[in-house]
Every structure is written in structure tokens, then in C-alpha cells.
Peer 1: 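Structure in C-alpha cells, see below.
Naming convention: chains lettered A, B, ... in sequence-line order (proteins, then strands); numbering from 1 in each chain.
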2 protein chains.
Amino acid sequence: MDGQQARRRAGHRREEILQAALRVFAERGYRGASLAAVAERVGLTQQGVLHYFPSKERLLVEVLRLRDQLDRVRFAGGELGDAPPSRRLAELVSYNATRPGIVQSFTVLAAESVTEQHPARPFFTQRYASLRRELAASLDGELAGRLPPGLSSPAAAALLIAVMDGLQTQWLLAPEEVDMPALFGSFLALLRAGDPGRTAGQAAEKPPSTNSS
Amino acid sequence: MDGQQARRRAGHRREEILQAALRVFAERGYRGASLAAVAERVGLTQQGVLHYFPSKERLLVEVLRLRDQLDRVRFAGGELGDAPPSRRLAELVSYNATRPGIVQSFTVLAAESVTEQHPARPFFTQRYASLRRELAASLDGELAGRLPPGLSSPAAAALLIAVMDGLQTQWLLAPEEVDMPALFGSFLALLRAGDPGRTAGQAAEKPPSTNSS
DNA sequence: CGTCACCTACCGACCACTCGGTAGGTAATC
DNA sequence: GATTACCTACCGAGTGGTCGGTAGGTGACG
């Protein structure tokens, strides 16, 4: 009488739990979230969740790994696979502006991870380091020699990431007031100011494709 | 037999508790912190803390108010009272780079505040809004007409705040790798792109060539 | 004597996690 | 086709602990 058909989808349950956990962590943070809340969303008991993941901490780690992987796929691939990285970043920011839940999960968890003994700390430390490295390399390819004078590509990469993160916080708190994609586009325009044709061209023509506000 | 002389300093205890609470919230976040941990640092029991603050939530609110007030004093006043705002911001970032605890408290609490039903949410929503407003007004005074083309002063203000916040997260996770003051200085240089300005690795090496406008 | 500062004692809720089951499915053996 | 053996997928009940908060008291001081 019960959901015995669901039994068949063994791997499916795990994924359901991961998605529910992402949402719960986004809404309450890791420490504020409970396994029971995750379980409730997938129609299980807390013990049912622990059947699939040995501990809350492991659940968090797997959630992060999954999301990071999906994000990288989205950034690296897609129909924009061969567009310049700044263009793809702008696209990512616009996409994020339609998914506050996902944005919130990363904003909350990244900041929480800097606290003592937080299980996500190694993940985010490594993630930021590799993000900076990869993005700097991409920028070297795209804007070699065309960055503003005195701005190295590693510095530009760190600033780009900082702007993305910082805008997200402001946007989550006041989405009506903060036009995240437009502001990020403005920053990208600043980075191209060192171009030979500087002062030519308004920043207004640069903003990324779809920008609803 | 114990420190009963301390009884005299009634108002002093409150401040001790506020400072201890700031540290505990920084280390574990609001939800991850316990009143008992705060109490332990000032040599009280949990109930002793509740004698001074009626609830954990009220304690948080008062901590935020105190810190915000101190920060505003530091930004607005001091020996730099009449320096241009970008210079004062650079100074603030350099100062922050020596106080990871304070930085961490705001980074953690600001991000945590975007979660559901968080008691600090109104505080941060309002704080960011007024920060953007005031900073935009200051920029209008300092850099009127000299911002990069197409960049309004409200946009510049939002970006400045975003960069500060975003750099803090990266710096907290990898202080050796991320030179927060230098990176912030690089960003400030970008904002003066219209000017015949030079880019400085260190933001602190600017003579007070007062630009009154 | 009253007030302040603080404590002991306690409560009910919630936490992650464990243990010991049960219901059913699968596959080999007789 | 029945028995045996073993697997996955859970759940009920409990463990020990922590949480914020309350009630009521005690002792020092003015």
C-alpha cells in the first residue's frame, strides 16, 4: 500500500535527500539546520536520512560537492563553451539572479565556513584558491595585456570573485534595490578600461545579455 | 570569597558581556553560539548573562548596535576626519586587516542574517541600504564627474561595499594568500580611471593631497 | 529594609546518533 | 515450489547531551 514502487529508485532517494538538504541548509545554515527538517521534506524520518548518509557532516560535504560540480559544468560548458570568460561570468551572474535559493546556500555556507571547526571550511578554502587560479588563467588568455595598468590577472580574479560574492549578500537582502547583473556588468566594464580604446564606448553597451529588473 | 569587588562596576559587566558575545558570535555564528559560552568568558553562569540581557536575541541586537556605532565613529572621525572617503575606506580596510575577529563577526553574521527568521536580518538590511546611500553621497562629493564613464555613484558605492565584503571572506579563509588592503587599493585605482592617477600596490602611500571639490 | 547581582535548580524542547528490529526483494539450493 | 540465506530500506524507541529560558532564593551593599 505504501510507496513500494519507490523502492526501485534506490539512487533516486539519495539525490532527493541531497536536494532537500541544500534547501534546508540555505534556509537555516548548517548549524541551524536539523536532519529532521531534511527528512520531513522527502517524507522520511531522521533515521531514514541517516541510512543514506552516515552523519550530518557527510551530508553537508556531499551537498557541496554536488553543487560545485553542477556549477562548474554550467560555467565551463553549455552553449557558451567558447565565449570569453568574462562573458560567461556575466551569464552566470544573470543566471544566479533567477535562483535565490542556490545563491543563498553558497553565501550562507561560505561565510559560516570561516567559523571554528566548521566542516565546510576545507571545501571553501580550496574552492576559492582554485577559483582564483583558474580565473586568473582564463583572464590571461582573454585580456592579456589589456587589463588596467598595474592590475595583475590574479588580482583581477580575486576582485571578480569578491564582487560576485559581495553583490550576492546585498542582493539577497534587498533584491528590488540591488540589480546584481547590471552592477556586475559595470564592474566588468571597469576591468576593460585599460583597453587601447579607453574612454571610448559607454559602459552601457557592455551589460550582459538578459537583464530583467 | 570571589571577585565581589567587581560588583561595583555594574555597567562594566554589561560591556564585558557584549565584547565576549561578539567574540563568541564571530567564532560560531549566532545559531552556533550558546549563552553558556558567552557566560564562561566573563566568569558567570548562563543565567548571569540573562540577568543583563533578557534573551539571546536581544544580546545579539545590542552587540550589533555597539559594533556598528564604533565602526561609524572610526570611519567618520579620527585623525582622518577630513580626508576624502576613498582614502578613509582604504584606511578602514587596512585597519580591518589587523582585526580578523571583528571582520569575522560581521562576515558571519551578515551572511547568516539572510536566512529565515534571523533576528539580525532587519539590522543588516537597513545597514546596507544606509551604507550605500551615505557612501554614494560621499563619492558624489569627492569624485564628482570623475568616476569612470557610465558608472553612477550609487553603483560605485554598491561595488565598493561588495568588494570589501567579498575580499573579507577570501582573506579570512586564506590570509597569507589574499592581500586584502592591496587588492582593495587596486579596486580604488580602477574607480579613478578617468583621472591621470597612478596605480599603487599599496593603498596607504598616498600623500594627503586634499582634493576638495 | 530594599535593591542589585547573581546563583542553584529546574523545565521542556531539541539535537545528532545508535540499536534493534521489520517488511520486502533476490537469488541460490533442494 | 519451497526453503534458506542474505540484502536494502527503512522505522520506533531510546541515549546522552545541549539549548534558551524561568523560578526562586541568597548574600552583599546602600
Peer 1: Testing the 3.5 Å rule here: is there a donor-acceptor pair between the side chains of B:Thr45 and B:Gln47?
Peer 2: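 Distance-only check passes for B:Thr45 and B:Gln47.
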Peer 1: Which nucleotide sits closest to the side chain of B:Gln47: D:dG20, C:dT8, C:dC17?
Peer 2: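 Looking only at side-chain atoms, B:Gln47 lies closest to C:dT8.
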Peer 1: Would you check if there is a donor-acceptor pair between the side chains of B:Arg88 and B:Ser138 at a distance under 3.5 Å?
Peer 2: no
Peer 1: Check the distance between D:dC19's C1' and B:Arg28's CZ and give it to me in whole angstrom.
Peer 2: 12 Å
Peer 1: Please pick, from D:dC10, C:dC15, D:dG21, the nucleotide with the shortest atom-to-atom distance to any side-chain atom of A:Ser34.
Peer 2: C:dC15
Peer 1: Is B:Arg31 near enough to D:dC19 that one of its side-chain N or O atoms lies under 4.0 angstrom from OP1 or OP2?
Peer 2: no
Peer 1: Hey, does the side-chain of B:Gln46 have a donor or acceptor N/O within less than 3.5 Å of a partner on the base of D:dC19?
Peer 2: no
Peer 1: Is the B:Phe106 ring parallel, tilted or perpendicular to the B:Phe124 ring (thresholds 30°, 60°)?
Peer 2: perpendicular
Peer 1: Write down the distance between NE2 (B:His51) and P (D:dT22), rounded to a whole number of angstrom.
Peer 2: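 Computing the B:His51:NE2 to D:dT22:P distance gives 14 Å.
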Peer 1: Keeping the roles fixed (side chain from A:Glu112, backbone from A:Arg31), state whether a donor-acceptor pair exists under 3.5 Å.
Peer 2: yes
Peer 1: Give the rounded distance in Å between these two atoms: OH of A:Tyr52 and C1' of D:dC10.
Peer 2: 7 Å
Peer 1: To the nearest Å, how far apart are A:Leu44 CG and D:dC11 C1'?
Peer 2: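 It is 10 Å, rounded to the nearest whole Å.
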Peer 1: Do you know which of B:Ile161, B:Leu160, B:Leu167 makes side chain to side chain contact (heavy atoms under 4.5 Å, CB included) with B:Val163?
Peer 2: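 When side chain to side chain contact (heavy atoms under 4.5 Å, CB included) is applied between B:Val163 and each of B:Ile161, B:Leu160, B:Leu167, only B:Leu167 qualifies.
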Peer 1: May I have the distance from A:Phe53 (atom CZ) to D:dA9 (atom C1'), rounded to whole angstrom?
Peer 2: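 These atoms are roughly 14 Å apart.
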Peer 1: Rounded to the nearest angstrom, tell me the gap between atom CG in B:Leu50 and atom C1' in C:dT8.
Peer 2: 14 Å
Peer 1: Could you check how far CD of A:Glu16 sits from C1' of D:dA9, rounded to whole Å?
Peer 2: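 Rounding to the nearest Å, CD of A:Glu16 and C1' of D:dA9 are 14 Å apart.
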Peer 1: Round to the nearest Å and state the distance from A:Leu59 atom CG to C:dA16 atom P.
Peer 2: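 After rounding, the reported distance stands at 11 Å.
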Peer 1: Using the side-chain heavy atoms of A:Leu35, tell me which of these nucleotides is nearest: C:dC15, C:dC17, D:dG20.
Peer 2: C:dC17
Peer 1: Under 4.0 Å, counting only non-hydrogen atoms across every strand here, what does B:Ala33 touch: a base, just sugar-phosphate, or nothing?
Peer 2: sugar-phosphate
Peer 1: So does B:Thr45 get a side-chain nitrogen or oxygen closer than 4.0 Å to the phosphate oxygens (OP1/OP2) of C:dC7?
Peer 2: yes
